[in-house]
Every structure is written in structure tokens, then in C-alpha cells.
Amino acid sequence: MQSAIEVRDLTVAYRDHPVLWDIDLTVPAGVLMAIVGPNGAGKTTLIKAILGLVASAAGQVLILGKPYDKQRHIVGYVPQRGSVDWDFPTSVLDVVLMGLYGRLGWLRRPGRRERTQAMDALVQVGMEDLAARQISQLSGGQQQRVFLARALVQDADVYFMDEPLQGVDATTERAIIALLRELRSRGKTVLVVHHDLQTVPEYFDEIMLLNVRRIASGPVSEVFTAENLRLTYGGRIGFLKTPQSA
Amino acid sequence: MEVLTDYTLRTVALGALLLGAVSGALGSFAVLRKQSLLGDAISHAALPGIAIAFLLTGSKLPLVLMIGAALTGWLATLLVMQVTRNTRIKYDSALALMLSVFFGIGLVLLTVLQKMPYANQAGLDSFLFGQASSLVERDVVTMAFLGGIALVATGVLWKEFKLLSFDTDFGTSLGLPMRRLDITLTTLLVIAIVIGLQTVGVVLMSAMIIAAPAAARQWTDRLGIMVLLAMVFGAVSGVMGALFSAGTSRLPTGPTIVLCVTVIVIVSMVGAPKRGLLWRTVRQWRSGRRLRQSAVLMDLYALAGQHEEHEHPHALAVIEAMHPHTAQLRHKLLALAERGFVVQTGAAEWALTPAGVREAEQLLEGNGEIE
């Protein structure tokens, strides 16, 4: 079966300092995959480099077998919540509609059909009652769900999500995970930057351990081991219960 | 209405209206993109362009001078971007650097020009602080033409500019050419600044870019309305300032316009609903009062929990015992009664109403009515 994401030799450097070093990554289609690693490991940079948002010194990215540049229309992106100014004068519905700007093309404004699609996405994340709300009045979890809804209207095949569970409450976390599983059941592939090691086996099928280099990647059952975690985080992770030590 | 009949006044007012509206519109995007000071750098950097354009052509045609101004303004922006990208100098330092260097060159050139044996170089120094009365019809026609282009382009690229201002990376991920859109929007900002220079002057033109949008932001949470309001605020202060200064000889227009727009900014900062200082103070005071009322309501609810029916009345003394630090407990109970949550059942006895029980339960779930 064709892999959803294929990254070869991806290297990113800031000045002379490598941030990502020769990354190879294969993500099978239809899985939820977590990227984990310590702070400064390059998790966000990896996603941004794959999406062409930061310049890479070398490397190739294939999405469903074709170069990323030709596949942008089937790729969805959920940036970190803190990457935008939530005091921007716009409404929840308006932000979700932005997910359709690429498909709308020049000169066309979102019309009734687009608004219906955006409302559908808001229903999926349980935010339909807040469609008209100014975005500065949202809680952290609500901001996160608005970003998810914006990605949902893209109706992409491959999703990149940067810490979608960062700073959300337990209820929202469950809702978001349910949504990711729903995406998986529709055959979508989701690559998620994730922080909480404890929930990795419960939430994800595959995992990539990253610390500037790729330490390991593959099915959680094979790769999520104490040894790999030690290699990724150094000696600072002794308290964690892994399948082997538990 | 002198404005409608007097030719000079009408020209001046029309020019000021145009520059206020155009800079308000493009300034809104600059302010939202946290590039307020870029406008300042561009306008200061325009000064050498004006001098050089005159030196090369000997012409004071508005279009010629504006092109010169735009070119050096653009060059400064480009240099700011290059310096930020390729050196360790930060954005704000790069801006300040270009602003002062270009402005310095401009001042030197202007001084040199004054001493040259040209017949018609007089008046170029009015670009420092602006001189509305120097506007003639062909100036206004040029301003209208360039301003029209800037406004139409903003309308055409509206949703792209909105996305650029809110979330550039997401736009890139959609496959939109965000870099080119960035360059386009910055170019339009340069145009907006350049058409205002003759009237407002290079020193204070940035006020037209920043002040009106900042005031407009106070009144609305929608981008479209914000841009329209900023255009109106810019136009109004432009016209008022230009008329004041044109009516008084040698009163520079820039500072006068800035004083007008400052009044609008102060009124907006203080008086605007929701975001204004006044409104926020009142709201804080009211939500504090609500919170203290809710505390009393919750205590009544806790007391009622010890009885079969929630509407069981309790003596004031019992409630007071739970609130040793609450002054004027009676006032809070009366206020709650006004909202229909409690009812006085005896001389000093109070009980929850069914509505009060519901409110208490909602508060417990954390989605009660807290403003």
C-alpha cells in the first residue's frame, strides 16, 4: 500500500546549526501518528519544513506518492494555537471559512454553500452555537476546536496538526481524540505533534521519536520502548511506565 | 458652506478626505499586522526620493515627486527586510536605522537644494510638515487616481489580505502565494503614504496610518467595519485638519491633522463600548457585584440542601453567619429578589425561588450567567 507521507533526507539548519538532521519518515495511509521528543527537538520545525513553511537545506517530501507541491489541495494544517493573534477582528465562522480560501480561488467570496460547509465543520467540533462569536472571547480549548474546524472544511486526505491537545481540558481532549479517530475511519492520515507520553499508546497507532535526528518510527507497539525513549530524551525519563517496564 | 464654493478650500478638503480614507484603509492592515512603525519608516524614507526626483527632472509635478517618494520608501522597506533576514539586527532596530538614515539623507538633499540656483525649488520643504494650501487640482486628481488603485486592489484581494494578516503560514499551506501578497500589500501601503505626504508631511504621516485604525478597532470586532470606520475617521480628521490649516496662514497641516485624529483616538479609547476604558470599568464593577450576589445565592442553596424542598426559608441571621465579611447583606438579597431568584418570606426570612434554584444549579455547573 502507498504511504501517505514519505520524507527523505530532510535537513533544516538555522545559520550553521542543524535543527533537523537527515530525517527519513514513512507514514502509512490511514493511521494516527504522534511525533514526540523533548523541547527543541524540532517537532514543529519538522511539520513546517514538510509544508514548506520553513526553508529546508535538503530533502524531499512526497504526499501519497507525489511531490508535496502538487498535493497541497489534499493536505490540511492545524498550526499551534499560539501562532496567531486571537484579538484579530473576526468571528469564529470567518476563521473556519479561511479553510476554503484555497479552493475558492481569486476574486470569489465565500457564499452560502461555503457557509454551510463551515457550519457543518463547527457542528463536528461542537462549536455551532459560537459561530458568530468574536474570536478573542474563546477559551483555549475553543480556539483549538476552531482551528480543527478550519482544517476539517479543507476536507484533506493528510493532516498535519501541531499540538492540538496543548492546554485543552479533559472534555475537549476526548472530543478532539474522537474526531481524530473519526478522520482515521474515513481513511485520512493524521500526523500530530504530541506532548503527553502517557497517552501515546491509547491515542495513536504509530509514533515517531525525534530529537534533531529521527530516533525511531513505526507502530507504537514496536517503537514506544524504554530504550528508544531514553535515546530520545536522554536519562531524564526514568519515571515513565512503558509497556516493557509496566 | 464655504467649502462647497471656495475653490481652494474645496480642493484642500477633497485631497485631505482622499488621503485620510486611503491611509485609514491600508493602515488598518498595517496595524493588525503589527507593522505600525513600518509606515513611519516608509514616510521618512520618502523624503530623499522627493528631493532626488526634483533634482533629476527639475519638475514639481505631483506624480513625479510621488514616484520618487515611493521608490525610496520601497527601497527602505526592502533594506529593512534584508537586514532582518541576513544579520542579527532585529526588526525594530532595522526600522529605526533605515528611518533615520534615509531621513538624514533627505534633509541634507533638501538643504543642498535650497542653496541651488533653481527658480522653483521653493515649497519642497513643505513636505516636512505638509502644507494643505499648496494643493491644486492636478494634485488631487493624482491622489484620487493612485488612492483609487490602492482601494480597488484592497477590495479585490480582500480575503487574501485578511488571511495574510491573521495567519500567513496557513495561507501558505493552502498554496496561496503569501510572499507576493505581502509585497503587494506593502506596495499599497507605500502608495497610501506617498499620496498623503504633500498634505501631512513625512514626519507625521505615520499618524494617519496608525491613529485612525487604532481608534476604529475600539468600536468593532469585524475587519470590514474596522476598515470602513478607519477610512471615515481618517477622512474626517484629514478634512478638519486641512481646513483649519488652510484657513490660517503658515499653520502646517500635518500637526493640525494629527491633533484632530488624536481627539478621535482619545474618545475611542475611553468611550467605545466593550473595549473602551469607561465601559470596562463599569463592567468590572458590575461583574464584581454579580459575583458577590452569586455567593449569597450559593449559600442559600447550600442551606436549602439540608431540607427536603429547596425553597425552604432561612433567617437572615443564619445567612449573615455564613457571610461575616459581607457588608449590606440585605442589599444583595434585595438585588437577588429583583432578579427573581429569592423571595422575602418573613420579617427577616428569605427563601430561594424555583428560578433561584435553577440559577444556583447552573452556577454550580460553571455555565451560569457571569458577564
Side-chain angles (χ1 to χ4, degrees), chain A residues 15 44 47-48 50-55 68-81 83-95 97-110 114 132-137 146-147 150-151 153-154 156 159-160 162 169 171, chain B residues 28-29 31-35 85-88 152-181 184 213-230 272-275 283 365-367 370-371:
Chain A
R15 301 182 201 285
T44 295
I47 285 192
K48 287 192 167 181
I50 293 174
L51 296 175
L53 303 176
V54 302
Y68 166 68
D69 275 342
K70 296 197 165 53
Q71 300 284 60
R72 279 180 198 266
H73 59 285
I74 60 161
V75 172
Y77 175 42
V78 178
Q80 263 182 40
R81 178 158 60 82
S83 64
V84 302
D85 174 13
W86 289 94
D87 197 37
F88 195 85
T90 192
S91 68
V92 165
L93 186 71
D94 218 29
V95 172
L97 282 168
M98 290 177 185
L100 295 165
Y101 282 9
R103 218 180 307 156
L104 266 173
W106 304 99
L107 291 173
R108 281 192 55 213
R109 298 277 172 89
E114 283 76 24
R133 185 164 289 196
Q134 148 68 15
I135 58 171
S136 66
Q137 288 162 26
V146 173
F147 265 7
R150 184 177 68 171
V153 293
Q154 290 185 265
Y159 282 103
F160 293 86
D162 200 346
D169 60 35
T171 321
Chain B
S28 296
F29 288 100
V31 166
L32 288 174
R33 298 177 72 203
K34 303 178 174 53
Q35 291 186 335
R85 193 172 312 149
N86 298 323
T87 71
R88 283 175 183 271
V152 168
T154 307
V156 166
L157 294 169
W158 178 262
K159 73 176 192 300
E160 284 79 11
F161 284 165
K162 188 202 287 185
L163 188 52
L164 177 72
S165 311
F166 178 64
D167 194 349
T168 308
D169 275 0
F170 186 73
T172 309
S173 85
L174 289 177
L176 293 169
M178 299 315 271
R179 255 191 88 72
R180 261 177 287 161
L181 284 166
T184 309
R217 179 69 187 92
Q218 290 291 105
W219 299 90
T220 177
D221 278 333
R222 289 178 54 189
L223 180 62
I225 296 176
M226 175 181 164
V227 170
L228 282 180
L229 266 181
K274 288 188 190 171
R275 299 175 79 93
R283 187 177 51 169
E365 282 169 28
N367 39 19
I370 298 174
E371 284 170 62

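- A:Arg72 contributes a side-chain N or O that, together with a main-chain N or O of B:Thr172, makes up a donor-acceptor pair within less than 3.5 Å.
- Contact annotation for A:Val95: only side-chain heavy atoms (C-beta onward) come within less than 4.5 Å of a heavy atom of chain B.
- Two residues are said to be in side-chain contact when any heavy atoms from C-beta on lie closer than 4.5 Å; B:Arg222 and A:Ser91 fail this criterion.
- Neither the backbone nor the side chain of B:Ile225 comes within contact range of chain A, judged by heavy atoms closer than 4.5 Å.
- Side-chain atoms of B:Lys162 do not come within 3.5 Å of backbone N or O of A:Asp94 as any donor-acceptor pair.
- A:Met98 CE to B:Glu160 CD: the interatomic distance, rounded to the nearest 0.5 Å, is 11.0 Å.
- With a 4.5 angstrom heavy-atom cutoff, A:Phe160 does not touch chain B via any of its atoms.
- Within the model, atoms CG of A:Asp87 and CG of B:Leu32 stand 9.0 Å from one another, a figure rounded to the nearest 0.5 Å.
- Annotation: maximal heavy-atom pairing with chain B below 4.5 Å, among A:Arg150, A:Arg108, A:Arg103, occurs at A:Arg150.
- Neither the backbone nor the side chain of A:Leu97 comes within less than 4.5 Å of any heavy atom of chain B.
- To the nearest 0.5 Å, atom CG of residue B:Leu176 and atom CH2 of residue A:Trp106 are 5.5 Å apart.
- Contact annotation for B:Arg275: only side-chain heavy atoms (C-beta onward) come within less than 4.5 Å of a heavy atom of chain A.
- Separation of atoms OG (B:Ser173) and CD (A:Gln154) is listed at 5.5 Å; rounding is to 0.5 Å.
- In this structure, the portions of B:Ser165 lying under 4.5 Å from any heavy atom of chain A include both its backbone and its side chain.
- Residues satisfying the ring pair (Phe, Tyr, Trp, His ring centres under 6.0 Å) test with A:Phe88, not counting sequence neighbours, are B:Phe166.
- To the nearest 0.5 Å, atom OH of residue A:Tyr101 and atom CG of residue B:Leu163 are 6.5 Å apart.
- Rounding to the nearest 0.5 Å gives a distance of 10.5 Å between NZ of B:Lys159 and CG of A:Leu100.
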